[in-house]
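Heads up: the structure comes next, in structure tokens.
A note on names: the letters A, B, ... follow the listed sequences, proteins ahead of strands, and every chain is numbered from 1. The basis for the numbers below is simple: all heavy atoms, side chains too, and nothing from hydrogens, waters or symmetry mates.
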Number of protein chains: 2
Amino acid sequence: MPKKCNFIEKLREVGLRPTKQRVKMCEVLYNREKTFHFTINDLVKLLSEKMNQKISLATVYNTVHAFERKGYLKEISIDSHKSYFDTNTSAHHHFFDEDTHELIDCDESDIDKINIRKNITGKKINSVEVLVRVASDNQTQK
Amino acid sequence: MPKKCNFIEKLREVGLRPTKQRVKMCEVLYNREKTFHFTINDLVKLLSEKMNQKISLATVYNTVHAFERKGYLKEISIDSHKSYFDTNTSAHHHFFDEDTHELIDCDESDIDKINIRKNITGKKINSVEVLVRVASDNQTQK
DNA sequence: ATCTACATTATAATAATTCTAAACTGTTGA
DNA sequence: TCAACAGTTTAGAATTATTATAATGTAGAT
Ligand SMILES: [Mn+2]
Ligand SMILES: [Mn+2]
Ligand SMILES: [Zn+2]
Ligand SMILES: [Zn+2]
């Protein structure tokens, strides 16, 4: 996604009408340095609090899924209880902080290339992703 | 878990009362060769159909979570929309068949040891797990 | 300006999961 | 042996995340 505000172009390119709700969502999601990991709830809060944009919950869901279909967002499974999304849509690895429930992207260099020795007959590999769960080091817990 | 039916002992060992519901669940979960990956729904179906045991849904949830707390089951995150559980409670890797939604355990030998080069300050690594998504090889789709 | 397909919205519906409170049962120890 | 208690089960209600519905609005083309 672009650095500044011509999300209108980008949306049109993939065949999504650049409505003001979608443009606002793009601004929240993509006007930032690093990739953004979020839940629907995070996003709704950001839209209503930071931006003063009231967008109906249904639209947020619709738009997130539209972006996902168009390759602007990727769903990440770390918690079976709610959906996390990621503005980094490539196959990549994560650290998951079990204290803060924060996801952190791994760089290429952080983890050696994974070598899969087994193959399932008649199946091709779509993705290989590593999840590294981390937690507080200090033994402050009883 | 044991091969035959002294689940009563095992349950007592971890401080769970060996009620008939729990013993039946143990039989369904652990009287099998390979590790078992399942959703709550799978389990309820197995209990009512194969075994002729009607167990309330609340009890199935309660018991699964009790087993999880006691280290008899582990929750697996592959799908943000429902919970999968695994009778293999060690940290291990999986293949996930995106056609059939089936989980398959990887053996030690299937994937080389993962080398993590990055570390998050103040955090220790709890687990490192790989998810390999696979799907049908034939290009039968449009 | 008009039209039309696509979007947005409030609201209802559904699905997974958890809570509640009453009835039940495994275990303990008199 | 058996009453008593704590832990367990249960049906059903409540909660939460998500999706569907159907009426209204709007972007983009003519
Ligand atoms: Mn989804
Ligand atoms: Mn859970
Ligand atoms: Zn990421
Ligand atoms: Zn497994």
A/N41 CG to D/dA17 P, in whole Å, measures 6 Å
Restricting both atoms to N or O, compile the protein contacts to nucleotides 2-5 of chain D shorter than 3.5 Å, with distance only.
none

Rounded off to whole Å, could you give me the CD-to-C1' distance for the B/E9 and C/dT27 pair? 15 Å
Inter-end axis angle, the helix from C/dA1-D/dT30 to C/dA30-D/dT1, with every axis fitted to five base pairs (rounded, 10 degrees): 20°
Could you tell me the separation between the CZ atom of B/R22 and the P atom of D/dT10, rounded to a whole number of Å? 11 Å
Can you tell me how far apart CD1 (A/I120) and OG (B/S136) are? Round to the nearest 0.5 Å. 13.0 Å
If the cut-off is 4.0 Å, is A/T59 near the phosphate of C/dT9, judged by side-chain N/O to OP1 or OP2? yes
A/S83 side-chain N/O to D/dT18 phosphate OP1/OP2 under 4.0 Å: yes
Nearest-neighbour nucleotide for the B/T63 side chain, C/dT8, D/dT9, C/dT9 considered: D/dT9
Taking atom NZ of B/K24 and atom CZ of B/F7, what is their separation to the nearest 0.5 Å? 11.0 Å
Please state whether the phosphate of C/dT25, meaning OP1 or OP2, lies under 4.0 angstrom from any side-chain nitrogen or oxygen of B/Q21. no
Starting from P on C/dC6, measure out to CG on A/L11 and report it in whole angstrom. 16 Å
Show the numbers, then the answer: is there a side chain to side chain donor-acceptor pair (under 3.5 Å) between B/D105 and B/H37? CA-CA 9 Å; B/D105 276 1; B/H37 302 96; 2.8 Å; yes
Do the side chains of A/V132 and A/I111 get nearer than 4.5 Å, heavy atoms only? yes
Counting only heavy atoms from other residues, nucleotides and ligands, does the tally under 6.0 Å from NZ of B/K118 exceed 12? yes
Roughly how many Å is it from NZ in A/K54 to P in C/dA10, rounded to a whole number? 11 Å
Rounding to an integer number of Å, can you tell me how far A/K24 NZ sits from D/dT26 P? 16 Å
Report yes if a side-chain nitrogen or oxygen of A/Y61 is closer than 4.0 Å to either non-bridging phosphate oxygen (OP1 or OP2) of D/dT19; otherwise report no. no
Which listed nucleotide (D/dG28, D/dT8, C/dA7) is nearest to the side chain of A/L16? C/dA7
Heavy atoms only, 4.0 Å cut-off, all strands: where does B/L57 land among base, sugar-phosphate and nothing? base
Between P of C/dG26 and CZ of B/F7, the distance in whole Å: 18 Å
Which class fits the ring pair A/Y72 and A/Y30: parallel under 30°, tilted 30 to 60°, perpendicular over 60°? perpendicular
In plain terms, say whether A/R22 and A/E27 are close enough for a salt bridge, that is, a side-chain N and a carboxylate O under 4.0 Å apart. no
Expressed in angstrom and rounded to an integer, what is the separation of B/D42 atom CG from C/dT17 atom P? 11 Å
For D/dT19, does OP1 or OP2 lie under 4.0 Å from any side-chain N or O of A/H65? yes
Just wondering, are more than 12 heavy atoms of other shown residues or ligands nearer than 6.0 Å to CD in B/E13? yes
Please say yes or no: joined through hydrophobic side-chain contacts below 4.5 Å, possibly via intermediate residues, are A/I78 and A/F95 part of one cluster? no
Taking the side chain as every heavy atom from C-beta outward, state whether B/V60 and B/I40 have any pair of such atoms under 4.5 Å apart. yes
Nearest-nucleotide check on DNA chain D, A/N62 vs A/R12; residue mapping nearer the 5' end is A/N62
